[in-house]
Protein chains: 2
Amino acid sequence: MTTSDVQRSTATGLPRPNARGRALRPTTKVLPEHARGHNRSLVLQTLYRAGSQSRADIARETGLTRVTISDLVAELMLEDLVIEVGQREDARPGKPATMLDLNREAFQIIGVDLSGYSEFRAAILDFDGQIIERAQLPLAGSTGANATAKVVSLVESLVARTTLPILGIGVGSPGVVDLGGTVLSAPNLGWAGEPLQQLLENRFGVPVLVINDANAAALAEHSFGDADSDMMLIKVGHGVGGGLLLDGTPLFGSRFAAGEIGHVVVGTDGGAECACGKRGCLETWLAVPRLEAALAASTSMDERNTILTEAGQRLGIALAPVVGALNLAEVVLSGPTELLDGVLATATIETLRARTMAEFHGDLILRMTTLGEDIVMRGAAVMVLSGQLGVS
Amino acid sequence: MTTSDVQRSTATGLPRPNARGRALRPTTKVLPEHARGHNRSLVLQTLYRAGSQSRADIARETGLTRVTISDLVAELMLEDLVIEVGQREDARPGKPATMLDLNREAFQIIGVDLSGYSEFRAAILDFDGQIIERAQLPLAGSTGANATAKVVSLVESLVARTTLPILGIGVGSPGVVDLGGTVLSAPNLGWAGEPLQQLLENRFGVPVLVINDANAAALAEHSFGDADSDMMLIKVGHGVGGGLLLDGTPLFGSRFAAGEIGHVVVGTDGGAECACGKRGCLETWLAVPRLEAALAASTSMDERNTILTEAGQRLGIALAPVVGALNLAEVVLSGPTELLDGVLATATIETLRARTMAEFHGDLILRMTTLGEDIVMRGAAVMVLSGQLGVS
DNA sequence: GTTTGTTAGTAAAGCTTACGAACAAACTCT
DNA sequence: AGAGTTTGTTCGTAAGCTTTACTAACAAAC
C-alpha cells in the first residue's frame, strides 16, 4: 500500500468542500428533520421562482426523486401552501402532468417602512411582493413611545384590512437593529433598545421580522429588482445609509451596524461640519436636505451640476475602498431620482472606476433602483417570505 | 378559529430563522448523509477545540445523544481519525469515562507560501498547525512554467520528508485565485489562469487547496491567533493585500478579488505614480520597497516618523470606509514588524477612529499578527483541516 | 384501430440516521 | 454494604430518502 493509496481511500470518506470550495464549519447538530425542512423550502423556492410546475419538473430541478417530491408536496398541500392548478396544456407523450403552484392566495404579508422623515408607510403585499393596500401615518415629530404607538396603530389599520391570514409582518427601520429585531439605536425616532419585534409579535400574534431599512432595500432589489447576489445598496434620504448583500445574505456586522457609511469621513480636504461632530462625513455632501439646500442657493445650471458632481465624486471616493475590498460588481442607489440619477450617478461611477482596479471588476455597475419608494416595504416582505417559507 | 390561530399553527410547521436571525436560502437538496457528515465534523470540531473528551462529554456539548456520538466515534475510529486515550483521571461518581482525542499522529499537512518576493516557502505541519519541518526554494526571478516547476519541486522535497500519510496540501498564492484553485492572475509570478490545484492534485494524488495568500493569513489568524470571526487582515509586503473574514468564512468577491485594496486610490490630494498607471494607490505609500526607500532617504528620526505616520494615515483613510461599511471590530496587520508596529500602526488606528463612527465599533482593534512569517503556511494548513475534516 | 414507447405519479420495501428505553459496569458517598 | 451516579452499549423505533415496480394516460407510427 503506497502512501498515496492511504490518502485517497481515507479522503473519500471525508466531507468534501462544497460548491463554493470551502467546507461548512459545523456549529450545531443537524437532524434529519432539518434536512426535511430544507428540502421543503427547496420545493417552495422552485415554485416561487419558476412558477407553475409539475411534481416531476420539481424532481428534475432539485435532484430529489419524484417520490420524495410527491411526499413533500402532499405535506405542503395539507398546509395549504401549495395547490394543484390543473393539467399541463401543451400536448406531449406520456401521462399529462398535474401542475402545481404556490397557493398565492393563501396568505398576505404586511410590510412596514419606518425610514421616512415625515411619515411611516406600510402596505399589504402578496406572495409576489405586489402591493395590495397602502397606509401612511404622519410622524409629526413623534419619538420614543409615541413613535412606537404610531407603528402599532399603522399596522393595526392594515391588519383590519387584510382579506387572508397574515404570513408575517416585516419592518424596515432606520438605525441599528440587532438580530432579534430590537432597534438598538435610531436617533431620529428617539429609540434606544426598542424591542420592536417582540412588541409587535406579542401585540399581533404573528411572526414579525425587523431589519435595518437599507438592508431591507437591498433584499428587495435582489428579489424583485435585477440585483445580483453580491451588491451594495446606498440609500440617500435624510441621512445616508447602506445595505450589503453578500451571497444573497444581508451583512450585519460585529455590532449590527454594517452599511452605516453616512458618517465615514470622505477625502483629505476637510469638509462641512456634521451633526455627529466630525467634519467631512459623507452625509454632509450627500444627504437630501444638504443637497437641496446647496442646490437652492445655486444660480446657474453649471453651478447646479458642479454641486451634484461634487456629491457624486464624494460618494465614489467613499465607496472605492469598499468596492475594492469586497470586489463588488454592483452598486445600487435608492433615493430621490431627480437628485441622484444623472450627473451625480455619472460622477460616482467615474470616480469609482478611476480609483479602483478595473481588472477586478471590469463590469462594475452603478444604477438607480427600479423599485422606487416602495423598496423598503417590499424588502420587509422579502424578510417574511424568506424567514417563514425559506423563499426569496 | 381566529385569524391569529391560523397563523400560529401554520407558522409552527415552517422553517424558523436560524441562530443568526435569517433563514437559510435552500440551494441544493440535503440528504440524511449530508446531515451525518455535518455531525461527523461536529464531533471532530469538538475534539479539535476542547481537546480530550469522553463520548458523554461530546454528547452534552453537541446536543446529540450518547448513542449517536458512540456511533459517529466508532466510524471515526475505524478511519483512524479518533483514538481512545485511556480513562478519565479525576475521580468522580459513576463509571469512569473513556477519553477520546483526535489522532493527532494520524496525518501531516503540507502548507505552502508563494507570497514571498525572493523565495517560496513550505512546511510540514501537524493537526495543531505546528510546524514540523521547513523548506525553502529561491525564486530567482522564475515566472510562468518555471515558477510552477519550483512549486512542484518544493512540495516534492517535503513530501519525501513526511513521516505520516498526508491529509492534504494547502497553498497560499499571491494574486487572484478562483474557488477551484486556479490562479487567475499573479503578475509577479507570470501566472494567468494557472490551474495550480488541479496540477498538484494530479501530481501528488492528495487533496490540494489553493487560496489567496492574504485570505490564508486571515484564516490562520482566526484559528491560531486571537482573531475574532469577523476581521480584516492587511498583508504588507512587496505589495499590499487584504483578506476578509466574515463570520469565520473568507470572502471571495464577485471576481475572486476581494481584499485587493493595494490599488485603491487613497485621499484626494494626488500621490506618487503607481506601477498600475494610477496615482496615489495605497501601495505607493505602504508597500515595503517604497517605505524602505523613503526611510533610507530620511535623515532624522523626525523625518522617519513623519514618513511612517503618513503611511499609517493613508492606510487608515483607505480602511475607514471598509471598517464602517462592514462594521468591522478588528483589523490585523501582517508584515515587517519594524516598519508596521509602532508609529505606523498608531497613526492608522487614530485615523480610523477619527474617520468612523465610534458608536458602531467602540472596541475597534488594530494590531500586529502574532503569527509572524509563518502565517500564510499555517493558514494554508487551516484550509486543509477545514476542507478535509470540517475543523478549524 | 392497434402497438410501441414515454411520462407522471404512487406503492412497497429497504437503507440510513438519530432517538428513547433499558441495562450492565464501574465508580463515589454514606 | 447499599444507594446513587455516570458511562457506554444494545435493542427497538421513527423519520426521511432511495430503489424498484407498478398503473394510468398519453403520442406516434404502423
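Order of the sequence lines fixes the chain letters, A, B, ..., with proteins taken first and strands second; residue numbering starts at 1 for each chain. Just so it is clear, the values below take in all heavy atoms, side chains as well, and ignore hydrogens, waters and symmetry mates.
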Within this structure, what is the NE2-to-P distance between A/H34 and C/dT17, rounded to whole angstrom?
17 Å

Salt-bridge criterion met for A/D126 and A/R104 (N-O under 4.0 Å)
no

Would you list the protein and nucleotides 24-27 of chain D atom pairs, both N or O, that sit under 3.5 Å from each other?
residue : atom : partner : partner atom : Å
D/dA25  : N3   : A/K95   : N            : 3.1
D/dC26  : O4'  : A/G94   : O            : 3.4
D/dC26  : O2   : A/G94   : N            : 3.0

Test log, rule side chain to side chain donor-acceptor pair (under 3.5 Å), inputs A/T182 and A/Q198
CA-CA 8 Å; A/T182 294; A/Q198 193 65 54; over 6 Å; no

Between P on D/dC17 and NE2 on A/H38, what's the gap in Å once rounded to a whole number?
11 Å

Atom pair distance, as rounded to whole Å: CD in B/E84 and P in D/dT9
8 Å

Is the side chain of A/S52 donor-acceptor paired with the backbone N or O of A/L100 at a distance under 3.5 Å, no angle test?
yes

Under 4.0 Å: is that the gap between some side-chain N or O of B/R36 and OP1 or OP2 of C/dA18?
yes

Hey, are the side chains of B/L125 and B/R378 touching, using non-hydrogen atoms and a 4.5 Å cut-off?
yes

For atom CZ of A/R88 and atom C1' of C/dT6, their distance in whole Å
14 Å

Please list, in numerical order, the residues of residues 62-70 of chain B that have a heavy atom closer than 4.0 Å to any atom of DNA chain C.
B/L64, B/T65, B/V67, B/T68

The residue among B/T68, B/L64, B/T62 that forms side chain to side chain contact (heavy atoms under 4.5 Å, CB included) with B/N39 is B/L64

Close residues, residues 54-61 of chain B, relative to DNA chain D [heavy-atom separation under 4.0 Å]
B/S54, B/R55, B/A56, B/R60

Ignoring backbone atoms, test whether A/T98 places a side-chain nitrogen or oxygen under 4.0 Å from the OP1 or OP2 oxygen of C/dG9.
yes

State whether A/R40 and A/E79 are salt-bridged, where the test is any N-O pair (Lys NZ or Arg NE/NH1/NH2 against Asp/Glu carboxylate O) under 4.0 Å.
yes

Compare side-chain N and O positions of A/N39 against OP1 and OP2 of D/dG16 and report whether any pair is under 4.0 Å apart.
no

Mark yes or no for whether B/S41, through its side chain, and B/L389, through its backbone, hold a donor-acceptor pair below 3.5 Å.
yes

Looking at A/Q53, A/R55, A/R60, which one forms a side chain to side chain donor-acceptor pair (under 3.5 Å) with A/D57?
A/R60

Does C/dC27 pair with anything, Watson-Crick or G-U wobble, both distances under 3.5 Å, and if so, with which nucleotide?
D/dG4

